[in-house]
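Take a look at the structure set out below.
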Amino acid sequence: MIPVAEVYRALKAAHGPQEWWPAEGAFEIMVGALLVQRTTWRSAETAIAALKTRGLVDPGRLRGADLAVIEACIKSAGFYRTKAARLRNLASFVTGHGGVGALAARPTPELRALLLGLDGVGPETADAILLYAFERRAVVVDAYLRRLGQRLAGGASAPQDIRLRAWVGDGIAEAPDLNEFHALVVAHGKQACRPEPRCGECPIGSRCRTGRKASRSSSGGSG
DNA sequence: CACCAGGGTGGTT
DNA sequence: AACCACCATGGT
């Protein structure tokens, strides 16, 4: 498989700095990480803005907030009943562990285990929080990275998550670069892949085609 | 009308 | 381990 550093350089040259995570502070990033699940960042951002107007992007405030109020604020992000309960639980978790600062003092494996114990936090969200909120070395394995790996495998069976972790984690040393790499993979993956001429502008290579397959295309995309 | 968006959970096979 | 239904809104 092509070294991940080469892919990183190509994506960075093509797309430039992504400046993730667009948020103010670690707790806001955690809130955003839950809100953005299965929705667009735009919808999540609208929800965060509504929470902010009520001063709820704060563990102490959010923990004691009325569930119906939280639901009303975050409705735009979808799954609002589920997410409202998860957000309030997140706030209780943070205050219960002495605040963001106390959590930040914990070693990464321990912190990751704590995050995974939260309702609504799976591997992807946990690693995103570790990477963007706590600036730890973490590899975010999401649908975009899986598709990238599958296509770079070139017809072979899709790499498992653990393989993708090793490929990225062993090839990119610094947390800020892992940060940028993940954002670039998402940015690149969101681009529609033209069936003709085979993603000719793809910075990774002509066989890559990591973009979404163009809608209604007959010959492009998958592969 | 269908499909997708910066997933996770709980249940079934 | 793989697969499934469900959660729910907003944009194309």
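The sequence lines fix the lettering, A, B, ..., with proteins before strands; numbering per chain opens at 1.
A ring-ring contact (aromatic ring centres under 6.0 Å, His included) check over residues 22-69 of chain A, counting only residues at least two apart or in different chains, returns the pairs A:W21-A:W41. The ring-ring contact (aromatic ring centres under 6.0 Å, His included) analysis of residues 105-131 of chain A, with sequence neighbours excluded, yields no pairs.
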Please write out the pairs of protein N or O atoms and N or O atoms of nucleotides 8-12 of chain C separated by less than 3.5 Å, giving the distance to one decimal.
from	atom 1	to	atom 2	distance (Å)
C:dA8	OP1	A:R81	N	2.9
C:dA8	OP1	A:T82	N	2.9
C:dA8	OP1	A:T82	OG1	3.3
C:dA8	OP2	A:R81	NE	3.1
C:dA8	OP2	A:R81	NH2	3.1
C:dA8	O4'	A:F79	N	3.0

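Between A:Y132 and B:dG6, a side-chain N or O to OP1/OP2 separation shorter than 4.0 Å is absent.
Using atom P as the reference point in both C:dA2 and B:dG6, the two lie 25 Å apart (nearest Å).
Remark: side-chain polar atoms of A:K75 are not paired, donor with acceptor, to backbone N or O of A:I70 under 3.5 angstrom. The closest donor-acceptor contact from the side chain of A:R63 to the backbone of A:N89 lies at 3.5 Å or more, if one exists at all.
Closest non-hydrogen pair, A:A102 versus A:H97, comes out as CB-O, 3.3 Å.
Of all the residues in residues 117-129 of chain A, not one reaches under 4.0 Å from DNA chain C with any non-hydrogen atom.
Put simply, A:W20 rests on the base of B:dG6: the two rings are less than 5.5 Å apart at their centres and nearly parallel, under 30°.
Going from atom CG of A:L131 over to atom P of B:dG6 covers 17 Å, rounded to whole Å.
Within the 4.5 Å cutoff, no side-chain heavy atoms of A:W20 are placed close to those of A:L131. Between A:V139 and A:D127, the closest side-chain pair of non-hydrogen atoms is not below 4.5 Å.
Base pairing in DNA chain B gives the following stems of 3 or more Watson-Crick or G-U pairs, range against range and under 3.5 Å: B:2-5 with C:9-12, B:7-13 with C:1-7.
For A:E71, the side-chain contact (heavy atoms from CB on, under 4.5 Å) partners two or more places apart in sequence, or in a different chain, are A:L67, A:Y80, A:R81, A:A84.
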